[in-house]
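Reminder, nothing fancy here: chain letters follow the sequence lines and each chain counts from 1. Just so you know, these numbers use all the heavy atoms, side chains as well, and skip hydrogens, waters and symmetry mates.
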Amino acid sequence: MPKIELDKAYDAKLVEDGIYRKWEESGYFNPDNLPGNRPEKFVVSMPPPNVTGVLHLGHALENSIMDIELRYQRLKGKRTLLVPGTDHAAVATQARVEDELKKQGIKQPRQELGREELLKKIREYAEEKKSVILSQIKKMGTSCDWSRLAYTFDEPRSKAVNEIFHRMFKDGLIYRGYRVVNWSVKGQSTCSDDELVYETVKTSVYTFKYSQDFPIAIATTRPETKLGDTAVAVNPDDNRYNKYIGQKFTVDVGAAKPLIITIIADKNVDANYGTGAVGVTPAHSQVDFEMYERNKDIGIIPVIGRDGRMLPAAGKDYEGLTILQAREKFVAWLKANDLFIKEEEVEHNVGKSDRFGDVIEALPMEQWFVDVKKQIPGRNKTLKDLMREAVTVGHNHDKNKIIKITPERFHDTYLHWIDNLRDWCISRQIWWGHRIPVWYCDNCGEIFYSDEPAEKCPKCKSVKVRQDEDTLDTWFSSGAWTFSTLGWPQKTADLEKYHPTTWMQMGYEILFFWMARMILMTTYALDDIPFKDVYIHGILRAKDGRKFSKSLGNGLDPLEIIEKYGTDALRLSLIKGTTAGNDARFYEEKAAAARNFVNKLWNISRYILSAADNPRLVETAPEPVTLADKWLLNKLNVKIAEATRQLDNCEFSLASEILYDFTWSDFADWYLEVYKVESQKLKDNNKEEILLYTLQVLLKLWHPYLPFITEEIWDKLAGERMLMVESWPGGKETKLWDKIKSLARLPVISGDNDFELVKDLITAIRNLRAENKIEPVKLVEITVIGAKTELWETQAEIIKHLARVEKLTLSASGVKPENSAIKVIEGAEIYLTLAGLADAGKETERLTKEIAVTEKYLNGLRVKLENGEFVKNAPKAVVEKEKEKLAVAEEKLAKLREQVKDF
RNA sequence: GGACACAUAGCUCAGUUGGUUAGAGCGCACGGUUCACAUCCGUGAGGUCGUAGGUUCGAAUCCUAUUGUGUCCACCA
């Protein structure tokens with residue numbers, strides 16, 4: 001093979017698209033096409049990005065994490081599948097498109113355009129974003145199987161949604177109920193509890209009485225809702241008020257009808273807070289509604305409508321007023337009637353719609369719910385039980401079906417959330433989404449399921465049937481994602497082969513939205529878990545720790561970073577310093593640093609390819625010849641073992657740091673420099689093989705992180721063979737790993753430690769040179785005195801070249817040269833001969849300082865070793881190590897003292 | 001109010017079942033036209049690991065308290 005020339009600097013732009021095409025064309029993204037015998041599967045469902053917009057850095061992080069894991073597992077010989085897809089994001093997408101239409105002058109998109117026309121606009125928008133998103137995923141290098149591309153709103157996924165709905169409907173788990181829900185006036189739709197964002201605002205709290213003779217004062221921040229009060233709750237142990245429990249008072253506060261206020265007991269009322277009593281407004285408060293459910297006879301009076309204005313029930317003075325107008329009016333009325341007691345400022349949280357941005361009103365209305373507390377017919381457990389089982393005892397108490405969450409702390413958070421879980425409101429009053437497959441017969445009142453347009457009522461055969469207007473919460477479809485993407489409810493081969501999935505990653509912010517619902521859906525519909533392992537990651541923040549956001553204008557476009565630094569660099573910079581479950585910061589300098597590393601790897605390859613007479617793949621470790629060879633190959637094995645262990649634990653950042661350090665510092669800065677010296681002298685040795693072997697291993701190790709550049713370099717060496725389907729280094733030599741793993745905590749003390757001494761010696765000489773201001777080109781005279789003469793002797797060429805030494809004098813116990821500066825390391829005193837007289841003052845000062853540091857260190861060691869308890873209790877290896885350290889330090893101190901005397 | 005996380009060099013962060021003279025990248029200082037790389041090379045300065053106790057032969061690491069920061073949950077009327 002002829003010599004291979006590479007460009008001086010790596011240009012990601014020139015290679016990335018071509019490499020991705022090559023991967024796609026190979027078909028290897030599809031597990032069914034992977035070469036070799038791969039008995040074990042590794043399946044991941046991609047969290048589908050919302051088609052609300054294009055990808056941001058958070059998506060880039062997710063793609064990096066997923067693809068690193070997937071490529072690693074593929075190299076380890078698994079049958080890997082990453083299923084890609086997008087999410088129609090019901091409310092979010094419709095809200096976005098409506099906003100844009102409003103900007104274009106269509107004030108009321110729903111009324112002006114109508115259902116079909118508006119849906120068409122949203123569909124166009126979604127399709128456009130979808131195609132951008134898919135091309136961005138490719139740009140990230142993500143190795144997903146495009147032949148299995150899915151969309152939460154496409155035909156197969158809609159079938160799955162309807163099927164689940166149908167089953168739950170039949171099982172009575174989905175019901176229509178009159179409940180207080182979160183209502184967005186602006187969006188004219190319900191929102192689930194987790195679609196709210198809370199904001200702290202200053203607001204007035206008003207204390208008043210319903211009437212002069214009413215015995216209890218109450219306080220509220222929402223006076224206008226008091227027109228719909230039906231009870232006052234007091235603590236049953238509160239002696240001031242408990243005598244009234246059960247009594248009814250009729251009061252006229254100006255509502256359409258006089259209010260009948262019942263005094264009820266509720267142990268959640270804090271007698272010491274405020275007036276010690278709570279005015280109960282069942283229609284406009286989640287909590288009050290729950291009290292109403294326990295005391296139905298108190299009644300419920302809605303006074304606020306879906307348009308955010310007061311209803312007739314509020315009274316003719318209030319009907320049609322906005323909430324704020326009604327509030328002012330009611331407060332004025334209280335004052336005029338001498339019922340007003342006081343007004344105070346308080347800090348209060350108000351819930352706002354995450355999607356529409358307006359303050360959420362609590363309104364009672366008919367909605368569809370999933371009952372999480374009801375026994376599932378034939379299963380003797382509830383959906384809540386299922387959600388809990390899957391992460392604790394295992395699905396159906398099967399220990400092989402326990403979902404493991406990394407990091408562990410989210411396990412408890414999840415369980416806590418399950419405990420507080422209420423029935424899930426799944427209907428949304430928007431048009432973009434899966435329409436609820438339920439039909440009503442206006443003739444006989446029958447309510448029935450149909451997943452296609454129904455023509456007549458199955459009961460009375462009347463044709464006066466209509467479908468429910470509402471659509472389903474988007475999480476209803478994403479909950480089915482791991483199996484709907486594999487073809488369920490049909491019994492597909494994919495479902496059989498690839499479900500449950502193996503591994504899942506997601507940000508903690510959607511743990512409840514998504515993970516919980518996937519577990520609910522899968523355990524219910526498939527009687528199985530959706531995945532075995534979940535890796536939770538944090539969110540990316542700007543350098544100052546703030547979130548990236550449109551309103552702050554601090555967003556970074558991943559495509560711009562790729563354009564500037566390359567995808568490999570972006571991936572590496574996102575992963576380095578990112579740990580499971582924790583937020584990480586991202587800024588451009590990180591990408592630049594990663595780009596520098598990518599370029600380093602390129603130049604290492606460039607050098608090796610040009611230095612080799614016969615550039616080729618060397619796949620078995622060559623025999624080491626020199627000390628440096630031994631050191632390198634040993635170290636390489638240790639690093640492979642360490643990186644493998646970290647990757648197995650999903651410690652992506654740690655593994656990358658191990659590899660980074662080895663590649664740049666050990667291999668490039670030391671071994672390659674040594675190689676330049678040794679290859680001159682030693683002909684017919686394994687040098688070239690060692691370089692090519694190490695490069696080959698490094699390309700594999702780096703492939704998960706840096707897929708493009710590694711594949712590109714591999715291509716130069718291997719021609720037809722593709723790196724992405726090669727095998728992970730050392731995969732079969734398991735015994736070696738066990739051995740290395742057991743040693744991993746202690747430094748490897750063996751022959752190759754000698755090379756570390758050589759490195760120390762060279763560094764010490766360089767240090768002497770720098771301290772004495774000797775120009776880098778100038779050759780110097782060095783005398784080394786110490787017991788390791790033989791070692792220095794054999795490594796003399798290396799020492800001379802790397803430390804730029806002209807004359808190297810070695811002796812076991814020689815006389816120290818005149819006019820020299822000294823440095824002491826383990827087993828050697830190093831003297832640098834100076835041209836003139838050494839600057840005695842400066843040298844003494846430096847030595848004195850070093851003596852002080854060494855003495856302190858030595859003292860610490862002595863105290864430790866003189867402590868009988870330490871010697872008795874600490875492991876022998878630790879004690880031995882301390883003794884060794886002591887000996888070295890003592891020797892060093894002696895030499896330093898001797899030297900300082902001479903000045 | 002409840003829970004959790006974080007606090008280590010100027011900045012951003014590693015440090016995995018307790019044993020290193022506590023590390024990296026960036027930044028900084030000094031010096032470099034060594035034929036792979038200035039997207040580089042060499043040398044160096046810089047930290048009593050938030051604070052106070054405790055457990056232990058031994059603590060950045062475990063426990064308790066405390067301060068600060070952040071996140072989530074609940075929400076008070």
Engineer: Minimum heavy-atom separation for A:Trp417 to A:Ala516, with atom names?
Structural biologist: CZ3-CB, 3.3 Å
Engineer: Judged by each residue's nearest nucleotide on RNA chain B, which is more toward the 5′ side, A:Thr579 or A:Tyr857?
Structural biologist: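 It is A:Thr579 whose nearest nucleotide is closer to the 5' end.
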Engineer: When rounded to the nearest Å, what value does the distance between C1' atoms of B:rG23 and B:rC75 take?
Structural biologist: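 Roughly 45 Å separates the two C1' atoms.
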Engineer: Strictly under 3.5 Å: I want the nitrogen or oxygen pairs between protein and nucleotides 56-60 of chain B, one per line.
Structural biologist:
residue: B:rC57; atom: O2'; partner: A:Asn867; partner atom: ND2; Å: 2.9

Engineer: Should the pair A:Arg422-A:Glu290 be classified as a salt bridge under the 4.0 Å nitrogen-to-oxygen rule?
Structural biologist: yes
Engineer: In whole angstrom, what separates A:Lys226's NZ from B:rC76's C1'?
Structural biologist: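 After rounding, the reported distance stands at 12 Å.
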Engineer: Can you tell me the pairing partner of B:rC40 across any strand shown, Watson-Crick or G-U wobble, with both distances under 3.5 angstrom?
Structural biologist: B:rG32
Engineer: Measuring only the P atom in each nucleotide, how far is B:rU71 from B:rG31? A whole number of Å is fine.
Structural biologist: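 About 46 Å, rounded to a whole number of Å.
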Engineer: Side chain of A:Arg541 only, heavy atoms from C-beta on: which candidate in B:rU71, B:rA77, B:rC4 is closest?
Structural biologist: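 For the A:Arg541 side chain, the nearest candidate turns out to be B:rU71.
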Engineer: Look at A:Glu890 together with A:Arg862 and state whether they make a salt bridge at an N to O cut-off of under 4.0 Å.
Structural biologist: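 So A:Glu890 pairs with A:Arg862 through a salt bridge.
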Engineer: When both hydrogen-bonding distances must be under 3.5 Å and the geometry is Watson-Crick or G-U wobble, what is B:rC72 paired with, if anything?
Structural biologist: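 Check on B:rC72: paired to B:rG2, both distances under 3.5 Å.
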Engineer: Nearest whole Å is fine: how far is B:rU69 P from A:Asp583 CG?
Structural biologist: 17 Å
Engineer: Between B:rC4 atom C1' and A:Ile536 atom CD1, what is the distance in whole Å?
Structural biologist: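 From A:Ile536 CD1 to B:rC4 C1': 14 Å.
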Engineer: A:Phe214 ring centre to A:Lys209 NZ or CZ under 6.0 Å, with the angle to the axis within 45°?
Structural biologist: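 Cation-pi check for A:Lys209 and A:Phe214: fails.
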Engineer: Could you label the plane-to-plane angle of the A:Tyr210 and A:Phe208 rings as parallel, tilted or perpendicular, counting under 30° as parallel and over 60° as perpendicular?
Structural biologist: perpendicular
Engineer: Under 4.0 Å, heavy atoms only, any strand: does A:Asp661 hit a base, just the sugar-phosphate, or nothing?
Structural biologist: nothing
Engineer: Looking across every strand, which nucleic acid part, if any, lies under 4.0 Å from A:Glu509 by heavy atom: base, sugar-phosphate, or nothing?
Structural biologist: nothing
Engineer: Using the P atoms only, state how far B:rA29 lies from B:rG70, rounded to an integer number of Å.
Structural biologist: 33 Å
Engineer: Please classify the nucleic acid contact of A:Glu589 as base, sugar-phosphate, or nothing, using heavy-atom distances under 4.0 Å.
Structural biologist: nothing
Engineer: Quick one about A:Tyr508 and A:Asp583 (side-chain donor to acceptor, distance below 3.5 Å, no hydrogens or angles considered), yes or no?
Structural biologist: yes
Engineer: Within the structure provided, determine whether A:Ile799 and A:Ile765 are in side-chain contact (heavy-atom separation under 4.5 Å).
Structural biologist: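 Of all side-chain heavy-atom pairs linking A:Ile765 with A:Ile799, at least one is under 4.5 Å.
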Engineer: Considering only side-chain heavy atoms of A:Lys676, which listed nucleotide, B:rA77, B:rC26, B:rA36, is closest?
Structural biologist: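 Nearest listed nucleotide: B:rA36.
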Engineer: Can you measure A:Ile575 atom CD1 to B:rA14 atom P for me and round it to whole angstrom units?
Structural biologist: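 That distance rounds to 13 Å.
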Engineer: Among B:rC30, B:rU21, B:rA5, which nucleotide sits nearest the side chain of A:Lys773?
Structural biologist: B:rC30
Engineer: I want to check something: taking the side chain as every heavy atom from C-beta on, are A:Val180 and A:His284 in contact at a cut-off of under 4.5 Å?
Structural biologist: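 Answer no - side chains too far apart.
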Engineer: Measure the shortest side-chain to side-chain distance between A:Lys892 and A:Glu826 over non-hydrogen atoms and say whether it is less than 4.5 angstrom.
Structural biologist: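 Side-chain contact under 4.5 Å: no.
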Engineer: Say we look at B:rC4 and B:rC30: how far apart would their C1' atoms be, to the nearest angstrom?
Structural biologist: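 After rounding to an integer number of Å, I get 47 Å for this pair.
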Engineer: Closest to the A:His416 side chain: B:rG25, B:rA14, B:rC73?
Structural biologist: B:rC73
Engineer: Which value, in whole Å, describes the distance between the C1' atoms of nucleotides B:rU16 and B:rC11?
Structural biologist: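 After rounding to an integer number of Å, I get 26 Å for this pair.
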Engineer: May I ask you to say what A:Lys590 touches in the nucleic acid, namely base, sugar-phosphate or nothing, with a heavy-atom cut-off under 4.0 Å?
Structural biologist: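 Sugar-phosphate only.
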Engineer: Return the nucleotide paired to B:rG46: Watson-Crick means purine N1 to pyrimidine N3 with N6-O4 or O6-N4, wobble means G-U with N1-O2 and O6-N3, both under 3.5 Å.
Structural biologist: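 B:rG46 is paired with nothing.
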Engineer: Nearest-nucleotide wise, let me know which of A:Asp270 and A:Glu657 is further upstream toward the 5' end of RNA chain B.
Structural biologist: A:Glu657
Engineer: Any donor-acceptor pair, under 3.5 Å, between the side chain of A:Glu651 and the base of B:rA14, if you only look at N and O atoms?
Structural biologist: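 When only heavy-atom distances are counted, A:Glu651 does not reach the base of B:rA14 through any donor-acceptor pair under 3.5 Å.
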Engineer: What's A:Thr220 touching, base or sugar-phosphate or nothing? Going by heavy atoms closer than 4.0 Å.
Structural biologist: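 Sugar-phosphate contact only - A:Thr220 comes under 4.0 Å of backbone atoms but never of a base.
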Engineer: Measure from the side chain of A:Val287, starting at C-beta and using heavy atoms only, and say which of B:rC75, B:rC72, B:rA5 lies closest.
Structural biologist: B:rC75
Engineer: Tell me the interatomic distance from A:Leu511, atom CG, to B:rU71, atom C1', rounded to whole angstroms.
Structural biologist: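 About 13 Å, once rounded to whole Å.
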Engineer: Answer yes when A:Glu224 and A:Lys226 have at least one side-chain N-carboxylate O distance shorter than 4.0 Å, and no when they do not.
Structural biologist: no
Engineer: Quantified in whole Å, what is the C1' atom distance between nucleotide B:rA74 and nucleotide B:rC6?
Structural biologist: 23 Å
Engineer: Please report the distance separating the P of B:rC26 from the corresponding atom of B:rU39, rounded so that it comes out in whole Å.
Structural biologist: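 Rounded to whole Å, the distance is 13 Å.
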Engineer: Using a cut-off of strictly less than 4.0 Å, decide whether A:Thr221 has a side-chain nitrogen or oxygen near OP1 or OP2 of B:rA77.
Structural biologist: yes
Engineer: Can you build the contact string for nucleotides 38-46 of chain B? Use B for base contact, S for sugar-phosphate-only contact, and - for no protein heavy atom under 4.0 Å.
Structural biologist: SBSSSSS--
Engineer: I'd like to know whether A:Asn582 forms a side-chain hydrogen bond (donor to acceptor under 3.5 Å, both in side chains) with A:Thr579, so could you lay out the CA-CA distance, the side-chain angles of the two residues, the decisive distance to 0.1 Å, and finally the verdict.
Structural biologist: CA-CA 6 Å; A:Asn582 295 326; A:Thr579 47; 3.2 Å; yes
Engineer: Expressed as a whole number of angstroms, how long is the span from A:Phe512:CZ to B:rC73:C1'?
Structural biologist: 8 Å
Engineer: Mind checking if A:Ile218 touches a base, just sugar-phosphate, or nothing, with heavy atoms under 4.0 Å?
Structural biologist: nothing
Engineer: Return the nearest nucleotide to the side chain of A:Leu654; candidates are B:rU16, B:rA77, B:rA36.
Structural biologist: B:rU16
Engineer: In whole angstrom, give the distance that lies between atom CG of A:Leu540 and atom P of B:rC13.
Structural biologist: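 Interatomic distance, CG of A:Leu540 to P of B:rC13: 11 Å.
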Engineer: Does A:Arg294 pair with A:Asp266 as a salt bridge, N-O distance under 4.0 Å?
Structural biologist: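 Judged by the 4.0 Å cut-off on N to carboxylate O distance, A:Arg294 and A:Asp266 do form a salt bridge.
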Engineer: Under a 4.0 Å threshold between the charged nitrogen and the carboxylate oxygen, would A:Lys564 count as salt-bridged to A:Glu588?
Structural biologist: yes
Engineer: Using the rule ring-ring contact (aromatic ring centres under 6.0 Å, His included), only one of A:Phe662, A:Phe667, A:Tyr660, A:Phe597 pairs with A:Trp702; which is it?
Structural biologist: A:Phe597
Engineer: OP1 or OP2 of B:rU21 sitting under 4.0 Å from any side-chain N/O of A:Thr854?
Structural biologist: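 Negative; the distance criterion is not met.
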Engineer: Looking at B:rU21, B:rU12, B:rC73, which one has an atom nearest to any side-chain atom of A:Arg585?
Structural biologist: B:rU12
Engineer: Among B:rC11, B:rC75, B:rA36, which nucleotide sits nearest the side chain of A:Arg422?
Structural biologist: B:rC75
Engineer: Sort out the partner of B:rC62 for me: Watson-Crick or G-U wobble, both distances under 3.5 Å, none otherwise.
Structural biologist: B:rG54
Engineer: Rounded to whole angstrom units, what separation is found between the CZ atom of A:Arg606 and the C1' atom of B:rC35?
Structural biologist: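 After rounding, the gap between these two atoms is 10 Å.
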Engineer: Considering only atom C1', compute the distance from B:rA3 to B:rA77 and round it to an integer number of Å.
Structural biologist: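 It works out to 24 Å between them.
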Engineer: For B:rA9, what is the paired nucleotide under Watson-Crick or G-U wobble rules, both distances under 3.5 Å?
Structural biologist: none
Engineer: Please name the nucleotide paired to B:rA14 by Watson-Crick or G-U wobble geometry with both distances under 3.5 Å, or report none.
Structural biologist: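 None - no nucleotide pairs with B:rA14, as no candidate has both distances under 3.5 Å.
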